[in-house]
Chemist: 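Just dropping this structure here.
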Amino acid sequence: MDTIQFDILTISGAILLIATFGIVATRGFMDWLNAYRYQSIVLSGVTAIIGYVTGIWEIYIAAGLTLVIKSIIIPKVLTYVTRKLEIEFKLETNPYVSIRASVIISALLVALSYFLIQQIPFKSDQIVNAYLPVSMAQFFIGLFVLVNRRTVLSQVVGLLIIENGLFLFAMALTHGVSLLIEIGIFVDILVGILISSILLFRISRTFDSLDVGKLENLRDD
Amino acid sequence: MLNMITIIIGLIQVLVILVLAPLLTGIIRKTKARTQKRIGASILQPYYDLLKLVRKDEVISDQTSWIFRACPWINFAAITTAAFFIPVFLAYTPFGLVGDLLLVIGLFALGRFFTMLAGLDVASSFGGLGSSREMMISALLEPALFLSIFVVAITYGGTNLSTLISASSNSSFLPHPQIIFAAIGLFIIILGETGRLPFDNPATHLELTMVHETMILEYSGKSLALMEWSQSIKQIILFTLMINIFVPWGISSSILLSTLAVGFLTFIGKISLFGIFVAFLESSVAKWRLFRIPDLIAIAIATSMIGIVLCYL
């Protein structure tokens with residue numbers, strides 16, 4: 001029974017990794033949002049599995065909140081805010097590292113995170129073994145997306161991946177921090193998305209571009 | 001006596017692959033036509049096409065050398081030899097002692113090499129164009145193919161197809177998460193190897209988009225029939241590998257008549273379903289620009305790399 005349980009944990013972690021790769025490999029904003037939505041649905045499933053394994057009912061509520069907020073509300077908000085933007089603002093045409101190289105680099109980051117987790121002596125636990133490397137990999141990939149992409153929109157998506165990774169990290173290590181804190185984090189994320197979307201709307205109005213590189217120019221030339 | 005029976009069954013497996021290959025092409029074409037709201041030709045149309053081509057005369061340019069004339073035969077021989085190593089509805093093949101999965105890939109590469117040479121040999125600009133595109137795609141596909149095959153080989157213990165498929169039919173899917181990644185990688189690669197849509201449009205005759213078609217553009221008559229037939233044999237071999245490695249349920253592991261019949265019927269069902277799935281996928285994507293194809297192959301390489309990482313957990 002135990003081995004089957006561990007297999008289910010590993011398989012769901014693998015599916016979560018595939019979902020994360022969907023964001024790295026695509027260049028359109030709508031594709032990212034769809035990949036993020038898919039990733040969030042998988043994440044809520046993973047959270048429910050953690051809830052089932054540990055038997056703590058509060059985790060189910062966190063899973064439901066993940067499903068509602070991350071896979072419905074946040075994509076809706078981002079779609080609503082960006083509906084007036086020009087289409088060329090939504091495409092990542094010129095990242096610092098090309099898409100195909102970044103896919104390979106993300107695979108290496110996954111390998112790195114598995115390696116790192118094996119170096120850290122944890123009190124071994126099935127959930128920790130299965131999900132901690134995945135959450136670490138998500139964190140690294142989100143960081144990489146954040147650094148690599150030029151447009152503000154894709155940086156927001158990178159931030160969201162990092163947040164998903166952190167959520168899974170906390171969930172796997174602590175088996176659910178108290179529900180109050182979880183709700184606080186969810187509201188935080190929602191408000192953060194609202195503020196950043198207003199910000200990027202203003203940026204696009206003022207600078208006629210969402211390229212981060214151009215924001216560094218002080219002179220008007 | 002038992003040995004004799006397994007050899008006969010092995011030969012029947014090869015015959016099944018050779019005979020059913022055009023049917024699979026027909027199923028894919030029919031499904032594509034239905035998704036585009038056309039009625040489409042009968043699923044037996046590829047057989048009629050082959051018969052018609054065999055009856056026709058051949059025209060060969062006087063600028064060509066022996067390579068052009070030998071290529072269809074070499075291609076067909078290489079791919080048919082590869083068919084001997086593929087377990088179809090029995091989980092092993094008696095000819096598996098001679099060669100493994102790497103030999104199958106090598107034989108495909110031999111056929112492809114001569115096809116590219118033939119494309120260059122006719123000295124038309126089209127042929128050279130198709131050959132250079134094919135070289136670019138195949139040079140990128142090969143490492144990805146090897147990586148994903150290594151994942152499967154490490155998991156199931158060996159590249160010999162008989163042991164590999166016997167092991168996969170005896171084990172469940174769940175304990176090996178790396179197999180999911182290998183399946184994704186191998187699926188992308190098979191789309192590329194068989195010239196399916198994001199890589200190459202098999203139905204086109206527009207010079208900007210065709211890859212495989214340009215190389216066989218100068219062929220006619222029997223040679224064209226051989227080239228088309230060997231292409232569809234290659235396709236059915238790769239699809240068979242895919243379903244037998246990743247969804248081996250129902251494959252017969254003994255030579256009893258009842259299990260063999262079940263294995264054969266499930267094989268027909270699975271390969272038709274897989275063909276229909278590929279056809280639906282083809283209808284939903286457009287052909288990618290040639291220089292975006294490395295992106296897709298990079299995804300295949302990355303997923304296979306993650307598979308290898310998961311192997312060593």
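All values derive from a computational prediction rather than experimental measurement. Letters A, B, ... are given to chains in the order of the sequence lines, protein chains preceding strands, and every chain is numbered from 1.
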Chemist: Which residue pairs satisfy the salt bridge (charged side-chain N to carboxylate O under 4.0 Å, His left out) criterion with at least one member in residues 59-82 of chain A, sequence neighbours excluded?
Modeler: A/Lys70-A/Glu163
Chemist: How many angstroms lie between atom CD1 of A/Ile99 and atom CG of B/Leu296, to the nearest 0.5 angstrom?
Modeler: 12.5 Å
Chemist: Is A/Phe21 close to B/Ile306 at the side-chain level, that is, under 4.5 Å between some pair of heavy atoms?
Modeler: yes
Chemist: If every non-hydrogen atom of A/Ala107 is compared with every non-hydrogen atom of B/Met305, which pair is closest and at what distance?
Modeler: CB-CE, 4.1 Å
Chemist: Distance check, rounded to the nearest 0.5 Å: A/Arg100 atom CZ versus B/Ile301 atom CD1?
Modeler: 11.0 Å
Chemist: Heavy atoms only, distances under 4.5 angstrom: which of A/Leu17, A/Val103, A/Val24 has the most pairs with chain B? Name it, please.
Modeler: A/Val103
Chemist: Let me check something: any side-chain donor-acceptor pairs from residues 103-111 of chain B under 3.5 Å, sequence neighbours excluded? List them with distances.
Modeler:
none

Chemist: Determine the minimum heavy-atom distance between B/Ala298 and A/Ile104, stating which atoms define it.
Modeler: O-CD1, 4.0 Å
Chemist: Evaluate side-chain contact (heavy atoms from CB on, under 4.5 Å) for B/Thr303 paired with A/Ile18, printing each intermediate quantity in order.
Modeler: CA-CA 8 Å; B/Thr303 48; A/Ile18 295 170; 5.8 Å; no
Chemist: Count the heavy atoms belonging to other residues, nucleotides or ligands that lie under 6.0 Å from OH of A/Tyr60, then report whether that count exceeds 12.
Modeler: yes
